[in-house]
Amino acid sequence: MSVSSTQSSNPFVRAILKLCAAGINLYALMLLVYIIAQTLDVRAVAELGSNFMPPVLLLALPLFLVCLLLRRRTQVILLLPVVAYFAIHYGAFFLPRTVTAAPDAPRLRVLTYNLHGESELLESIINIIRESDADIVALQELTAPAAERFAAEFNEAYPHQLTFVNGMSIVGQGVLSRYPLSNGDYWEVGLGNMRVEFEWEGESITLYNLHPPPPSIALGFNATWRSVAIDHLLERLADENGALILTGDFNMTAESHDYARMTQAAALLDAFHEAGVGLGPTFPNLQYGASFLSYLPPLFRIDYIFYRQPFHAVEAQTWHTSGSSDHYPVLATLALE
């Protein structure tokens with residue numbers, strides 16, 4: 001008697017296989033509902049599902065291959081459109097990318113980094129900033145002790161620093177720069193946000209360092225307050241002309257409606273989307289949930305560097321470590337065309 005026939009005659013094995021098949025069916029059907037909602041712009045369903053993408057979509061790939069090998073026809077049929085959706089939206093991120101700019105085009109290195117409100121364990125954060133060799137460093141959740149430490153530590157590397165801090169609060173924002181900063185402005189819509197200008201290569205550059213609030217878990221992952229912050233931002237951007245860079249922890253995935261509003265309505269380009277490789281997740285460092293999870297990679301890309309022409313992203317990456325933060329920094333090189 002073969003192994004397969006022995007397993008099929010075992011009631012326990014049959015029950016487990018049926019349970020697995022039912023779980024895959026439910027998973028695939030839920031994602032099909034999400035895909036239809038995204039396609040038809042059924043906002044409530046699409047926004048709820050977008051909070052969990054793309055990791056939930058990515059799971060469809062190994063499940064599809066296993067079901068294909070096991071000849072589970074029903075599951076293969078249900079998973080196929082999910083795999084196709086992932087391939088269409090994310091497949092290009094895994095292909096060789098050719099991003100070029102004129103050899104003599106000036107290049108600006110920008111780092112965005114959510115510090116998790118850290119005030120004591122700052123050495124690893126300092127090392128990341130130093131190793132990045134960024135020209136502009138945008139910091140979110142900046143505390144007063146961290147700002148004081150950076151002022152002393154980077155007084156030569158970043159002689160121009162503008163910070164807005166409130167003790168140990170996570171609403172603090174800051175920018176470390178190799179170039180003089182001017183016209184600094186700070187506001188709170190949910191969390192802290194700032195705007196600043198600097199001169200570089202004969203251009204006046206406007207930099208926004210932003211932190212829209214996350215979806216409310218208590219309200220079923222409702223993103224209303226984040227959308228309010230994005231509304232406020234879009235109103236400001238309507239009056240902006242010239243070179244523009246936006247950095248920050250936006251608490252949104254690229255599947256969200258707010259991301260679409262920024263990249264479509266505001267005509268902003270996502271540096272990682274243009275020049276990055278892979279999915280580029282930035283959150284969370286799972287060691288903050290439990291130490292034994294620290295070896296797992298982050299799941300979601302919610303930290304971004306956006307820009308408008310005349311900039312052109314030539315490199316973008318999620319940093320290989322998060323230091324003492326729960327967010328991984330994002331570094332991008334922008335060429336001025």
Side-chain angles (χ1 to χ4, degrees), residues 54 89-114 128-129 131-140 175-179 195-210 212 230 233-234 237 240-250 252-256 258-283 298 300-320 327-337:
H89 285 77
Y90 297 98
F93 285 86
F94 298 92
L95 300 176
R97 314 278 304 265
T98 301
V99 183
T100 60
D104 59 344
R107 285 164 167 76
L108 184 74
R109 290 170 64 85
V110 181
L111 183 79
T112 183
Y113 195 179
N114 181 319
I128 288 173
I129 294 173
E131 290 172 13
S132 74
D133 193 31
D135 300 301
I136 299 290
V137 179
L139 305 170
Q140 303 90 46
V175 170
L176 315 180
S177 173
R178 289 175 174 163
Y179 311 103
R195 176 191 182 278
V196 69
E197 298 174 9
F198 64 95
E199 295 290 327
W200 178 69
E201 295 292 331
E203 290 277 349
S204 178
I205 313 297
T206 299
L207 172 72
Y208 280 79
N209 182 24
L210 305 161
I230 299 299
L233 171 64
L234 295 180
L237 294 183
E240 296 286 2
N241 296 305
L244 180 66
I245 301 172
L246 289 83
T247 62
D249 167 15
F250 287 81
M252 66 185 183
T253 71
E255 298 264 333
S256 69
D258 286 330
Y259 179 92
R261 290 202 294 159
M262 293 189 64
T263 55
Q264 296 173 19
L268 296 169
L269 295 169
D270 173 357
F272 189 88
H273 185 277
E274 299 298 318
V277 177
L279 297 177
T282 64
F283 178 83
F300 307 100
R301 186 165 74 94
I302 63 175
D303 300 82
Y304 297 88
I305 297 173
F306 294 102
Y307 63 93
R308 272 187 193 161
Q309 295 177 345
F311 282 115
H312 177 68
V314 293
E315 291 180 357
Q317 67 180 98
T318 298
W319 203 252
H320 57 86
H327 285 252
Y328 289 70
V330 177
L331 177 67
T333 301
L334 305 178
L336 186 66
E337 296 286 4

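All of these numbers come straight from a predicted model, not from anything done at the bench.
Remark: the backbone N or O of A105 is paired with a side-chain donor or acceptor of R107 at under 3.5 angstrom. Listed for the D303 side chain is no donor-acceptor partner under 3.5 Å among the backbone atoms of Y113.
A heavy-atom distance below 4.5 Å is not found between the side chains of F306 and L244. Between L237 and L246, some side-chain heavy-atom pair lies under the 4.5 Å cut-off. No side-chain heavy atom of F283 sits under 4.5 Å from any side-chain heavy atom of P298. I205 has its side chain out of reach of Y179: every pair of non-hydrogen atoms, C-beta onward, lies at least 4.5 Å apart.
In summary, of the residues considered (L108, V314, D135), a side-chain contact (heavy atoms from CB on, under 4.5 Å) with T333 occurs for V314 alone. The one candidate from V330, L279, D270 that meets the side-chain contact (heavy atoms from CB on, under 4.5 Å) condition with R301 is D270.
Taken from CG in D104 to CG in L336, the straight-line distance is 10.5 Å, to the nearest 0.5 Å.
For N241, there are no side-chain hydrogen bond (donor to acceptor under 3.5 Å, both in side chains) partners at least two apart in sequence or on another chain. Here H273 pairs with F93 under the ring-ring contact (aromatic ring centres under 6.0 Å, His included) rule; sequence neighbours left out.
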- [ ] Report the C-alpha distance between R195 and E240 in whole Å, list the side-chain angles of each, state the deciding distance to 0.1 Å, and finish with yes or no for side chain to side chain contact (heavy atoms under 4.5 Å, CB included).
- [x] CA-CA 11 Å; R195 176 191 182 278; E240 296 286 2; 2.7 Å; yes
TODO: Please assess I245 against I136 for the test side chain to side chain contact (heavy atoms under 4.5 Å, CB included), listing each intermediate value before the final yes or no.
DONE: CA-CA 11 Å; I245 301 172; I136 299 290; over 6 Å; no
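Of the N and O atoms on the side chains of T112 and Q140, at least one donor lies less than 3.5 Å from an acceptor on the other residue. Checking E274 against Y307 by side-chain atom types alone, no donor-acceptor pair falls below 3.5 Å.
The aromatic rings of Y304 and F250 lie perpendicular to each other, with more than 60° between the two planes, well past the 30° mark.
Within 6.0 Å of CD on E201 lie more than 12 heavy atoms contributed by other residues, nucleotides or ligands.
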